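Side-chain atoms are counted along with the backbone in the values below, which use heavy atoms only and exclude waters and symmetry mates. Chain identifiers are assigned alphabetically (A, B, ...) following the order of the sequence lines, protein sequences preceding nucleic acid strands; residue numbering begins at 1 within each chain. In this text the structure is predicted, and so the values were computed from the model without any measurement.
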Amino acid sequence: MQLFKHQPIKIYNSLSGTKETFKPINEGYVGMYVCGPTVYSNVHLGNVRTFMSFDMIFRYLKHVGYKVRYVRNITDAGHLENDADAGEDKITKKARLEQIEPMEIVQRYTVDFHNILNTFNFLPPSIEPTATGHIIEQIELIKDILNNGFAYQVNGSVYFDVHKFNETHDYGILSKRKLEDLIHNTRELDGQGDKKNPQDFALWKKAEPQHIMRWPSPWGDGFPGWHLECTAMSTKYLGDQFDIHGGGMDLKFPHHECEIAQNEAAKGQSPVNYWMHANMLELNGQRMSKSTGNTVNPDELLSGNNKFFSKAFAPSVIRFFMAQAHYRSVLDLTDDGLIASEKGFFRLMDAINLLDGLKASETSSVDINTWKQKCYDAMNDDFNSPILIANLFEAAKYINQVKEGSETLTKEDAALLKTTLHAFLFDVLGLENVTKKESGQDKLSGAVNVLIKLRQEARANKDFAMSDKIRDELAEAGILLKDGKEGTTFSLL
RNA sequence: GGUGUCGUGGCCGAGUGGCUAGGCUCAGCUCUGCAAAAGCUGCUACAGCGGUUCGAAUCCGCUCGACACCUCCA
């Protein structure tokens, strides 16, 4: 189904600062690259939000029929903590602290990353390349950049010559910075060492003898610069020029700026047509930061084992909460916010679960096709999931109204409503119907139905003491009874 | 200091030059043996001050405030 032919998508392009109609290089195919995590510690929720935004975008592009190659890398090469010549890289530092091999650190936190993402129902990317697996490609790139005169070699290291590059190209085109401003505003850093100018960045760094993560190169043993791996891996799998490159807002400068510069220097063309940047996640109005303690891990949020939140939240509730904000807005994670989202989420799910039991009518009093297009319009407008969700709540209202008898649906419209809702909730937003199991044919539901029947009998006999006892004690056990015109149903929590 | 983003009702969070998302909360009503759930109704906001306009929360300027980046960071 090539829905995309009728559903033109607009994407906010950070490069132009405007929303542009998305036109892939090859019709029907999309190449998308997203900067993945550096695996030196547990993923934090900010990472999760960024990757979740792109997971949703990946899902929607697939939903409208694009064949998407989604590449998200793992940074495992161990870059320096700062651009100075001295100092350990993050992975080595962690390895020393934990007294294990750097590659053990990489393995441990890569596994953690995958576990967390699976818990949140992420789709795996099409390709998940690692920096250490692409050293040769990175070395080749450096050779190209050197040959084209945009880099220089000093003491076993190779640096990108930003000033030289800026003479013929525009360094700062993405982040809207001017090189001269950067020159004036660069802080005094220690150990700028071999660099001709502080704005230059490393393509290859010489490894000191104690440096464990090292590879041979034409310039001696060393390791690649941070910005280089993304250029190497994105172009290897997506071509010298590809459709979408995403990442967190904080990577815009210098990381993405440097990627553009590297690609132009090596291959003579700008690599990416649409740059997308996801905004930051805050915790109680403050930036999440390990140093100030204003941080919470995904598993702490899921388990409720933390000092910021009053209870545990299901992965889908957190997903839903995040989808209620636009990916380009700052989102503040709060207890109240999550609780409000949780209630809304379950209301939505309860409505979905009513769909199969609805009575069909001869005519429909609501226009499902118009509603459906509004859902697409929302996502087509730079993936506006909050608007989409507003429309999904409208659908939930229809469903409840049909159940009440104030609106009607034909069998066909009910089916269309159902497939559309499922597509957006589960395929696009990646949510999971956490109440589905309970309302199904399982043993719990059989047992609860027996109690519901007993309660009905008690009520028929006006034995309200007994009927209320059943209801209240079930409630205490976390099972909520809901009396309706068509009988009693229940839900958990 | 520089660059950029933003400041929306009790809270969260969309959005557009005029027709005033959505969720949560709150109040009233309907339904109910009573509740709960659901439905209906109400609460009408856009930091402040100027300007452009027939008309601005939406465009421009200034002020105040917040955040991000400029240094590893999703």
Determine which nucleotide pairs with [N], using a 3.5 Å limit on both distances of a Watson-Crick or G-U wobble pair.
N	value
B:C29	B:G39
B:C62	B:G48
B:A57	none
B:G9	none
B:A68	B:U3

What's the closest nucleotide to the side chain of [X] if the choices are [options]?
X	options	answer
A:Phe253	B:A38, B:C70, B:C24	B:C70
A:Lys343	B:U25, B:C70, B:C34	B:U25
A:Met280	B:A36, B:A74, B:A14	B:A74
A:Arg177	B:G39, B:G13, B:G2	B:G2
A:Arg471	B:A74, B:A35, B:C69	B:A35
A:Phe393	B:G23, B:C67, B:A38	B:G23

Expressed in whole Å, how much space separates the [atom1] atoms belonging to [N] and [M]?
N	M	atom1	result
B:G7	B:U44	P	22 Å
B:G51	B:G55	C1'	15 Å
B:G50	B:C67	C1'	26 Å

May I ask you to decide if the ring planes of [X] and [Y] are parallel, tilted or perpendicular, using 30° and 60° as cut-offs?
X	Y	answer
A:His169	A:Phe165	parallel
A:Tyr60	A:Tyr376	tilted
A:His277	A:Trp275	parallel

Look at all strands and tell whether [X] reaches a base, only sugar-phosphate, or nothing, counting heavy atoms closer than 4.0 Å.
X	answer
A:Ser467	base
A:Gly337	nothing
A:Lys252	nothing
A:Asn400	sugar-phosphate
A:Leu281	base
A:Asp332	sugar-phosphate
A:Ala325	sugar-phosphate
A:Ser329	sugar-phosphate
A:Arg459	base

**Q.** Residue-phosphate contact under 4.0 Å: A:Asn384 side-chain N/O, B:A14 OP1/OP2
**A.** no
Q) Can you find a side chain N or O atom of A:Gln401 that sits less than 4.0 Å from OP1 or OP2 on B:C40? A) yes
Q: List the steps, then state whether salt bridge (charged side-chain N to carboxylate O under 4.0 Å, His left out) holds for A:Lys311 with A:Asp335.
A: CA-CA 8 Å; A:Lys311 65 188 287 295; A:Asp335 197 43; over 6 Å; no
Q) Are the side chain of A:Asn47 and the backbone of A:Val43 linked by a donor-acceptor contact shorter than 3.5 Å? A) no
Q: Ignoring hydrogens and angles, tell me if any N or O in the side chain of A:Asp200 forms a donor-acceptor pair with the backbone of A:Tyr159 under 3.5 Å.
A: no
(Q) On RNA chain B, does the nearest nucleotide to A:Lys176 precede the nearest nucleotide to A:Tyr327 from the 5' side, or the other way round? Give the residue. (A) A:Lys176
Q. Starting at the 5' end of RNA chain B, which residue's closest nucleotide do you reach first, A:Pro254 or A:Gly46?
A. A:Pro254
Q) Hey, does the side-chain of A:Arg347 have a donor or acceptor N/O within less than 3.5 Å of a partner on the base of B:C24? A) no
(Q) Counting distance alone, no hydrogens or angles: does the base of B:A35 have a donor or acceptor under 3.5 Å from a partner atom on the side chain of A:Asp468? (A) no
(Q) Please report the distance, rounded to the nearest Å, between CE in A:Met322 and P in B:A14. (A) 14 Å
Q) B:G33 base stacked by A:Phe464? Criteria: ring centres under 5.5 Å, plane angle under 30°. A) yes
Q. For A:Leu421 and A:Leu355, what are the C-alpha separation, side-chain angles and deciding distance, and is it a side-chain contact (heavy atoms from CB on, under 4.5 Å)?
A. CA-CA 10 Å; A:Leu421 274 172; A:Leu355 261 170; 3.9 Å; yes
